[in-house]
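Report on the following structure.
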Protein chains: 2
Amino acid sequence: MTDDDDSGSHALSLRMQRGDLFAEKCPSREVLKHVTSRWGVLVLVALLDGMHRFSDLRRKVNGVSEKMLAQTLQALEADGFLTRKAYPVMPPHVEYQLTPLGREVAEKVAILTDWIEGNLMAILTEQQQYQARQAVQSEAQAVD
Amino acid sequence: MTDDDDSGSHALSLRMQRGDLFAEKCPSREVLKHVTSRWGVLVLVALLDGMHRFSDLRRKVNGVSEKMLAQTLQALEADGFLTRKAYPVMPPHVEYQLTPLGREVAEKVAILTDWIEGNLMAILTEQQQYQARQAVQSEAQAVD
DNA sequence: CCGTATCCGCGCCGATACTG
DNA sequence: CAGTATCGGCGCGGATACGG
């Protein structure tokens, strides 16, 4: 309960047309989930430099299992972010590639990941300082 | 096993200086996890328009529980993305605000969320078409 | 008002085995 | 090579109760 702002149903449906992340039931939450999922992020960024086969992705995205990779790829394909082309040869050969729509999201995601990679040291430093402050707090509590 | 590319340890440590998402044990994976977490995304974007109190965020970020909000805020504070100022009055009063570092990530995240919100309709259309193709496939299989 | 502590279900995800 | 199927642990996250 306490959810569901049905006030102004016209305004609501208009907002639904462009999506409102802050509204609980908005489908954009689902899309965001796929895009920002642990492996979704890495797959999208990996595919930014062109077509990849399944095993290429598996090797590039360190630590992903077959199951999770397949699952992630399906979700992104269902959202229209990538295409899957299977060649019925032996041994099997499947190619994954970003769609124009997918390339756009992937670029936005890459902006974020690039920033994090580039500022990692600054962030780690902040983490250290936070830990230090916490230690002081604990010490102060031990005195009282 | 089979992880751990320790080949070229100098190159590795250099890469660690700027972070490499594709390397399994890189700390940037943790940071990314906080930033792209279900509630982390929404909190960062919400804080983009200035200071918020705890209950402000709770109301703005529809659907988040107290526990998850507190947990999310702690993680983002530990990463140095936001500051927490508690005024020891009755009733309690706590203010959350982005740091300069936090503002930068938040802006990158907002680029992504804005794009998704703006292109939601196109994505939903793609999803429909995917479902339709799947239905055809199932039908074709029923024939053989 | 702003949390922390505890319990607990459910879904993520890894491991393994099997198909085409 | 590129998956699907199944099982099982465990951690995320919701609900509730309680403290400052």
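First the proteins, then the strands, lettered A, B, ... as listed; each starts at 1. In what follows, every heavy atom counts, from backbone to side chain, and hydrogens, waters and symmetry copies are set aside.
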(message) Using 0.5 Å steps for rounding, measure from the OG1 atom of B:T36 to the CG atom of A:L112.
(response)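 Rounded to the nearest 0.5 Å, the OG1-CG separation comes to 7.5 Å.
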(request) Find the distance between CE (A:M51) and CD (A:E95) and round it off to the nearest 0.5 Å. (result)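 Those atoms lie 3.5 Å apart.
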(message) Over 60° means perpendicular and under 30° means parallel, so tell me whether B:H93 and B:Y87 are parallel, tilted or perpendicular.
(response)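 Rings of B:H93 and B:Y87: perpendicular, over 60°.
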(message) Near DNA chain D, counting only heavy atoms under 4.0 Å, which residues of residues 89-99 of chain A show up?
(response)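 Heavy-atom cutoff 4.0 Å gives A:P91, A:P92, A:V94, A:Y96.
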(message) Does a side-chain N or O of A:R84 approach OP1 or OP2 of D:dA2 to a distance below 4.0 Å, or not?
(response)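 Indeed not, no polar side-chain atom of A:R84 lies that close.
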(message) Tell me the interatomic distance from B:R29, atom CZ, to C:dC13, atom C1', rounded to whole angstroms.
(response)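 These atoms are roughly 14 Å apart.
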(message) Expressed as a whole number of angstroms, how long is the span from B:L73:CG to C:dC1:C1'?
(response)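 Rounding to the nearest Å, CG of B:L73 and C1' of C:dC1 are 15 Å apart.
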(request) Might you point out which heavy atoms bring A:L44 and A:A106 nearest each other, and give the distance in Å? (result)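 Taking every non-hydrogen atom into account, O-CB, 3.7 Å.
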Expected output: side-chain [X] to main-chain [Y] donor-acceptor under 3.5 Å:
X      : Y     : value
A:D20  : A:F22 : yes
A:T99  : A:G80 : yes
B:R29  : B:L21 : yes
A:R103 : A:L48 : yes

(message) Using the side-chain contact (heavy atoms from CB on, under 4.5 Å) definition, which of the options B:F54, B:Y96, B:W39 pairs with B:L69?
(response)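 Single side-chain contact (heavy atoms from CB on, under 4.5 Å) partner of B:L69 among B:F54, B:Y96, B:W39: B:F54.
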(request) Give the B/S/- string for nucleotides 4-19 of chain D, one per nucleotide from 5' to 3', where a protein heavy atom under 4.0 Å of the base yields B, of only the sugar-phosphate yields S, and otherwise -. (result) S-BB-----BBB----
(message) At a heavy-atom distance below 4.0 Å, what parts of residues 44-61 of chain B sit against DNA chain C?
(response)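 DNA chain C contact set from residues 44-61 of chain B: B:R53, B:F54, B:S55.
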(request) Please assess B:W115 against B:L120 for the test side-chain contact (heavy atoms from CB on, under 4.5 Å), listing each intermediate value before the final yes or no. (result) CA-CA 8 Å; B:W115 185 91; B:L120 182 58; over 6 Å; no
